[in-house]
There are 2 protein chains.
Amino acid sequence: MLSNVQTSKTIKSTKEKILEAALELISRYGYKGASVRKIAKAVGVRESAIYNHFKNKDEIFQEILKSLFSSDFSDFFEKKPIEENAKKGKKFLMEYAATVKLATFDPKHEKLFKIVLLELMQNKEVREQFLNYFYDNNIKKLSHVLFLMMQEGLIRQSDPMLMAREFFAPLFYLRLEVTLLRVDEKSTVTLSTMFEKHVEFFWESVAVRA
Amino acid sequence: MLSNVQTSKTIKSTKEKILEAALELISRYGYKGASVRKIAKAVGVRESAIYNHFKNKDEIFQEILKSLFSSDFSDFFEKKPIEENAKKGKKFLMEYAATVKLATFDPKHEKLFKIVLLELMQNKEVREQFLNYFYDNNIKKLSHVLFLMMQEGLIRQSDPMLMAREFFAPLFYLRLEVTLLRVDEKSTVTLSTMFEKHVEFFWESVAVRA
DNA sequence: CGGTTGCATGAACAGACGTTAATATAACCG
DNA sequence: CGGTTATATTAACGTCTGTTCATGCAACCG
């Protein structure tokens, strides 16, 4: 038993190192640019050792892809019943924006986001997961909340789907801009306050005045 | 003279073919994925012939980059004095959205847009041109028009810069989605109507009711 | 006509790539 | 202790990469 634990610990340790190094390098140089040799060097091992842990380079990438859309923020909507969220009105939208902001500046999520951008055009799987994720898990669920807010009389009547996109898109664009600036280590102070400003503006745009 | 014209015609012809092929291949496979041999093959020539027209691969890419942000749509704001645009109110925003829509579906601009997305994370020059272009040439100028609209009493008072971003971001996100769907030759009919819907929604959000 | 120039070819280079095979070195199990 | 198993190394493979060079051909100029 002990031996088994230790063995699998050793495996996990190197395997994890490989995944970490791959995440780092792929998020910087893209899938093609992150060569097996570079990854091996970052781990501190020869390239052939990689193949004791992964069948090939693609398997490493697939492993990373799995963590792409199964991260902490995917279950944002599952924390509380959706009806409860709807009643909170603007406060809910603020929380949502705060979550996006958090992901934007969180190192792990930033890397994953970069990989998405890097491989979006090249990798069909990434593309489909991207569209699915952002559509189903964000816009669709957002539109549900907005629909309920309309029924509560909190916001004006409109197409919930359209409204969800209008709320989501500026957050996405903001995230993109911040990520780009951070690549060149430029300041993002101006942009970082815009997550909240966006919610304010949006709420002014849709709120039904009492 | 005649000889000179013919010579430069021949040069231009092959050089143009190279640029066309490079644009096509780079927009599909990215800079790294579009090898000199692939480009040469697409032109119908051996790879060494490429070097009669370009110093190296990077020079080809630079040539394409030049056309990136100097395309027809850059001078959208220069067609008419900005004050005139402001007075048109919603109609101006419709025209702007129509221009983005046009660029989204135009093959040449679609390829350039793909290249931007592909190289955004890898190429500092693309990154800076992207931020400059979208910031200066779109958001900044949009905010100017919106500011004038506020003064005209057409739209409500707010931060023009913020408002410009709110108007621009959904168009950008829309363009991204459409481009992604078209890569896999999926239908974009639902999305293509959203350019106008966005303007409608935005106008409802900011217009001062008479 | 003879020479220069423009543009193509074929062959080769050095390096990077993903991957594999033979081998070594431990640590574990019975 | 002896054998198995996990993990590392070294070396090599075939292929692709960007680029160069010597060469050939054809069109132009004086």
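Reminder, nothing fancy here: chain letters follow the sequence lines and each chain counts from 1.
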field: Side-chain N,O (T14(A)) to OP1/OP2 (dA8(D)) below 4.0 Å
entry: yes

message: Whole angstroms only, please: what is the CD1-P distance between I50(A) and dT20(C)?
response: 14 Å

- prompt: Between atom NZ in K15(B) and atom P in dG6(C), what is the gap in whole Å?
  reply: 13 Å

- prompt: Could one point to a donor on the side chain of N52(B) or the base of dA8(C) with an acceptor on the other under 3.5 Å away?
  reply: yes

field: Residue V36(A), side-chain atoms from C-beta onward, closest of dT20(D), dT19(C), dT9(D)
entry: dT19(C)

task: Would you mind reading off the distance between R37(A) atom CZ and dA11(D) atom C1', rounded to a whole angstrom?
output: 11 Å

query: Tell me: CD1 of I39(B) to C1' of dC16(D), nearest whole Å?
result: 15 Å

message: Between I155(A) and M163(A), is there a side-chain heavy-atom distance shorter than 4.5 Å?
response: yes

- prompt: Once you round it to whole Å, what is the distance between P of dA8(D) and CZ of F54(A)?
  reply: 12 Å

task: On DNA chain C, check which nucleotide each of K55(A) and V45(B) is closest to and give me the residue with the more 5' one.
output: V45(B)

task: Using ring pair (Phe, Tyr, Trp, His ring centres under 6.0 Å) as the criterion, point out the one residue from F92(A), F202(A), W203(A), F201(A) that pairs with F167(A).
output: F202(A)

field: Out of dG18(D), dA8(D), dT19(C), whichever nucleotide has its closest atom nearest the side chain of S35(B)
entry: dG18(D)

- prompt: In whole angstrom, what separates F61(B)'s CZ from dT19(D)'s P?
  reply: 14 Å

- prompt: Within the pair R46(A) and dA8(D), is there a side-chain N or O less than 4.0 Å away from OP1 or OP2?
  reply: no

query: Y51(A) has a side chain; which of dT19(D), dG18(C), dT9(D) sits nearest to it?
result: dG18(C)

- line: I18(A) atom CD1 is separated from dT19(C) atom P, nearest whole Å, by 13 Å

- request: Record whether the side chain of S48(A) comes under 3.5 Å of the base of dT10(D) through a donor-acceptor pair of N or O atoms.
  value: yes

Side-chain (D184(B)) to main-chain (K186(B)) donor-acceptor, under 3.5 angstrom: no

- prompt: For the pair made of NZ in K57(A) and C1' in dA16(C), what is the distance, rounded to whole Å?
  reply: 11 Å

message: Does dA6(D) have its OP1 or OP2 closer than 4.0 Å to a side-chain nitrogen or oxygen of H53(A)?
response: no

message: Between Y173(A) and F168(B), is the ring centroid distance below 6.0 Å?
response: yes

query: Would you call L171(B) and Y96(B) a side-chain contact if the rule is heavy atoms closer than 4.5 Å?
result: yes

query: Closest nucleotide of DNA chain C for E47(B) versus for K32(A): which of these residues is on the 5' side?
result: E47(B)

